[in-house]
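Below you'll find the structure, written out as structure tokens, and then a few comments.
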Amino acid sequence: DAGVIQSPRHEVTEMGQEVTLRCKPISGHDYLFWYRQTMMRGLELLIYFNNNVPIDDSGMPEDRFSAKMPNASFSTLKIQPSEPRDSAVYFCASSLRWTQYFGPGTRLLVL
Amino acid sequence: QKEVEQDPGPLSVPEGAIVSLNCTYSNSAFQYFMWYRQYSRKGPELLMYTYSSGNKEDGRFTAQVDKSSKYISLFIRDSQPSDSATYLCAMSRSGGSNYKLTFGKGTLLTVNP
């Protein structure tokens with residue numbers, strides 16, 4: 001298995017632009033998690049899905065952030081409009097049972 | 001007070017040293033305790049997990065949980081340069097895959113050859 005796949009790996013955009021991050025979980029996994037990592041705040045859970053249904057989005061910072069999982073093999077995290085304080089590494093992770101497997105992350109820089 | 005506190009380091013040790021990494025937490029509802037290792041520019045990977053109090057050993061790694069003190073530790077024996085990474089503790093309130101993990105900020109470890 002190729003593991004969790006995220007795209008793009010790097011994204012540089014200007015304030016106010018829409019950003020879409022993509023994730024392909026490991027085949028057969030029924031949970032999907034979106035995290036954000038910064039030096040100041042560490043690794044924070046934004047939202048997670050079970051069987052494509054959002055279970056807990058209490059970590060989503062504000063309405064500018066939205067996440068979807070239209071099917072078992074694809075999820076998106078969208079930021080609209082983006083702001084400089086959204087600059088971070090965004091990780092997607094998937095799990096079947098115990099272990100969460102993380103993707104390589106998307107490094108987002110908002111200028 | 002943050003739910004999980006972890007000294008960010010950095011921690012630099014010579015090859016072969018015993019390394020001790022620690023986290024404290026404030027929420028007594030945490031039942032599952034994990035250590036993740038994150039290499040530079042990579043995603044975290046699960047290293048070890050324990051349930052409730054006690055010790056767990058896996059090769060050169062030992063995880064300890066003291067729920068009475070709300071304190072967890074990871075020991076690395078005979079440390080190697082390949083152990084150089086950021087180590088994050090994580091905790092959850094329930095088991096199975098339907099859990100929310102709360103992470104420490106991570107401790108950056110460098111093992112010098």
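Please read all numbers here as calculations on a predicted model, not as lab measurements. Each chain gets a letter, A, B and so on, in the order the sequences are listed, and its residues count up from 1.
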*Could you give me the CA-CA distance, side-chain angles and deciding distance for B:Lys105 and A:Glu44, then say whether salt bridge (charged side-chain N to carboxylate O under 4.0 Å, His left out) is met?*
CA-CA 9 Å; B:Lys105 286 190 176 181; A:Glu44 303 173 287; over 6 Å; no
*Output the distance between atom CZ (A:Phe74) and atom CD1 (A:Ile5), rounded to the nearest 0.5 Å.*
11.5 Å
_Part of A:Arg41 within contact of chain B (heavy atom distance under 4.5 Å)_ = backbone
_Which atoms of A:Gln6 approach chain B - backbone, side chain, both or neither, heavy atom under 4.5 Å_ = neither
_B:Gln38 versus chain A, the contacting section by heavy-atom distance below 4.5 Å_ = side chain
_Could you tell me if A:Lys78 sits above the aromatic ring of A:Phe65, with its cationic atom closer than 6.0 Å to the ring centre and no more than 45 degrees from the axis?_
no
*asked:* I'd like to know if A:Glu83 pairs up with A:Arg64 as an ion pair, taking the criterion as any Lys NZ or Arg NE/NH1/NH2 lying under 4.0 Å from an Asp or Glu carboxylate oxygen.
replied: yes
*Please flag which part of A:Ser58 lies under 4.5 Å from any non-hydrogen atom of chain B: side chain, backbone, both or neither.*
side chain
*Regarding B:Gln64 and B:Lys56, is there a side-chain donor-to-acceptor distance under 3.5 Å anywhere?*
no
*Side chain from CB out, backbone as N, CA, C, O: work out which of these in A:Asp56 comes under 4.5 Å of a heavy atom of chain B, or both, or neither.*
side chain
*Between A:His29, A:Met40, A:Met39, the one whose heavy-atom pairs under 4.5 Å with chain B are most numerous*: A:Met40
